[in-house]
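In what follows, a structure is listed as structure tokens, so that the remarks can point back to it.
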Amino acid sequence: RTSCRDWEGGDLPSEAQWEKAARGDSMDGRLLPWGDEPVTCERANYDENGPYNEDTGEGSGFGCFHKCCPSTWPVGHLRTSKGDSPYGVKDMAGNVSEIVLDCLDSTYYARCLAEGCVNPVNMETDGCTHSVRGKSTSAEGPDLDVIGRGSDRELGLRRGFRCATAL
């Protein structure tokens, strides 16, 4: 969070902000930032060949950038806009999972919705384990949806963050 605050007075995005940046208004029900088109290396950095299987020798595992294993790329590495979200945000699916401001709590949003909240931020949990959104290079194509969430402690080393600031 300190790095984001140092950058233009921003912060980590809330889960709601992250999901809106990834899906847009989602009136079309999109689960991928670019819509319903198939997952390809022109759109996302993901496990295009499946995990390596020692028994069969199939699959190379971990990402579209195969110089090394597992490999991530800087945000915006792809010059094409094919994988961009409706707002033009790059790399919202694949590459790295992103830590967000909210504490992970599977019941928070249902309670919040019942109370009519807008742009909720869950900071209620003692000993906060932050939510992580998006999938990393270890995800296979069908798993790249942007609605999935996890814990910042369970998703391994392929995670990062992005800063948000008011426009």
Side-chain angles (χ1 to χ4, degrees), residues 4 11-54 56-106 108-110 113 119-122 129-164:
C4 285
D11 206 342
L12 293 172
S14 68
E15 280 201 67
Q17 290 169 330
W18 190 96
E19 189 164 334
K20 182 162 177 120
R23 297 177 75 193
D25 288 329
S26 196
M27 296 301 187
D28 59 4
R30 72 179 56 217
L31 297 179
L32 296 166
W34 56 84
D36 294 331
E37 296 296 315
V39 178
T40 67
C41 288
E42 292 178 308
R43 293 188 173 91
N45 188 8
Y46 71 105
D47 190 354
E48 67 176 325
N49 298 311
Y52 181 74
N53 182 325
E54 291 183 23
T56 65
E58 294 177 356
S60 60
F62 302 125
C64 295
F65 186 68
H66 297 294
K67 285 186 180 176
C68 184
C69 52
S71 189
T72 59
W73 55 39
V75 171
H77 172 79
L78 292 176
R79 301 282 187 238
T80 174
S81 61
K82 290 181 180 181
D84 291 4
S85 79
Y87 294 111
V89 183
K90 295 192 173 292
D91 297 317
M92 298 296 287
N95 205 32
V96 297
S97 299
E98 298 180 13
I99 299 168
V100 295
L101 187 57
D102 297 67
C103 299
L104 183 63
D105 178 346
S106 61
Y108 178 76
Y109 291 101
L113 185 61
N119 192 21
V121 179
N122 177 19
T129 297
H130 287 273
S131 290
V132 177
R133 300 300 304 266
K135 302 288 176 35
S136 73
T137 58
S138 63
E140 294 182 48
D143 297 328
L144 282 186
D145 66 69
V146 295
I147 61 172
R149 53 201 295 249
S151 159
D152 68 343
R153 296 187 181 150
E154 67 188 32
L155 293 174
L157 298 175
R158 288 175 295 279
R159 65 177 178 246
F161 65 95
R162 103 178 38 226
C163 298

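Position 1 is the first residue of the sequence, and the numbers go up from there. Please read all numbers here as calculations on a predicted model, not as lab measurements.
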Does a side chain donor of either Trp18 or Asp102 reach within less than 3.5 Å of an acceptor in the other side chain?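 No donor-acceptor contact under 3.5 Å links the two side chains.
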If I take atom CG from residue Asn95 and atom NZ from residue Lys90, how far apart are they, to the nearest 0.5 angstrom?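 Asn95 CG to Lys90 NZ: 12.0 Å, rounded to 0.5 Å.
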Quick one: closest heavy-atom pair of Ser85 and Ala22, and the distance?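 Closest heavy-atom pair between Ser85 and Ala22: CB-O, 3.4 Å.
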My understanding is that only residues two or more places apart in sequence, or in another chain, count here; which of them pass side-chain contact (heavy atoms from CB on, under 4.5 Å) with Ala21?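 So Ala21 forms a side-chain contact (heavy atoms from CB on, under 4.5 Å) with Val89, Met92.
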Please enumerate all residues that pass side-chain contact (heavy atoms from CB on, under 4.5 Å) together with Leu32, with sequence neighbours excluded.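 Listed in chain order: Trp34, Val39, Leu144.
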I'd like to know if the side chain of [X] reaches the main chain of [Y], judged simply by a donor and an acceptor atom lying under 3.5 Å from each other, with no hydrogens or angles considered.
X: Asp91; Y: Gly76; result: yes
X: Thr137; Y: Tyr46; result: no
X: His130; Y: Cys103; result: no

Pairing residues for Asp36 by the salt bridge (Lys or Arg N to Asp or Glu O under 4.0 Å) criterion, not counting sequence neighbours: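 Checked Asp36 against salt bridge (Lys or Arg N to Asp or Glu O under 4.0 Å); zero matches.
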Which residues pass the salt bridge (Lys or Arg N to Asp or Glu O under 4.0 Å) test with Glu42, sequence neighbours left out?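 In terms of salt bridge (Lys or Arg N to Asp or Glu O under 4.0 Å), with neighbours along the sequence ignored, Glu42 is linked to Lys82.
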side-chain contact (heavy atoms from CB on, under 4.5 Å) between Ser138 and Asp47: does it pass, once the steps are laid out? CA-CA 5 Å; Ser138 63; Asp47 190 354; 5.6 Å; no
Check the pair Arg23 / Leu31 against side-chain contact (heavy atoms from CB on, under 4.5 Å), numbers first and verdict last. CA-CA 7 Å; Arg23 297 177 75 193; Leu31 297 179; 4.2 Å; yes
Listed by chain and number, what are the side chain to side chain donor-acceptor pair (under 3.5 Å) partners of Asp145, not counting sequence neighbours?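 Here no residue qualifies.
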Between [Y] and [X], is there a side-chain heavy-atom distance shorter than 4.5 Å?
X: Pro86; Y: Arg30; result: yes
X: Ser136; Y: Thr72; result: no
X: Glu48; Y: Thr40; result: no

Pair Asp25 + Lys20, salt bridge at N-O below 4.0 Å: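 Yes.
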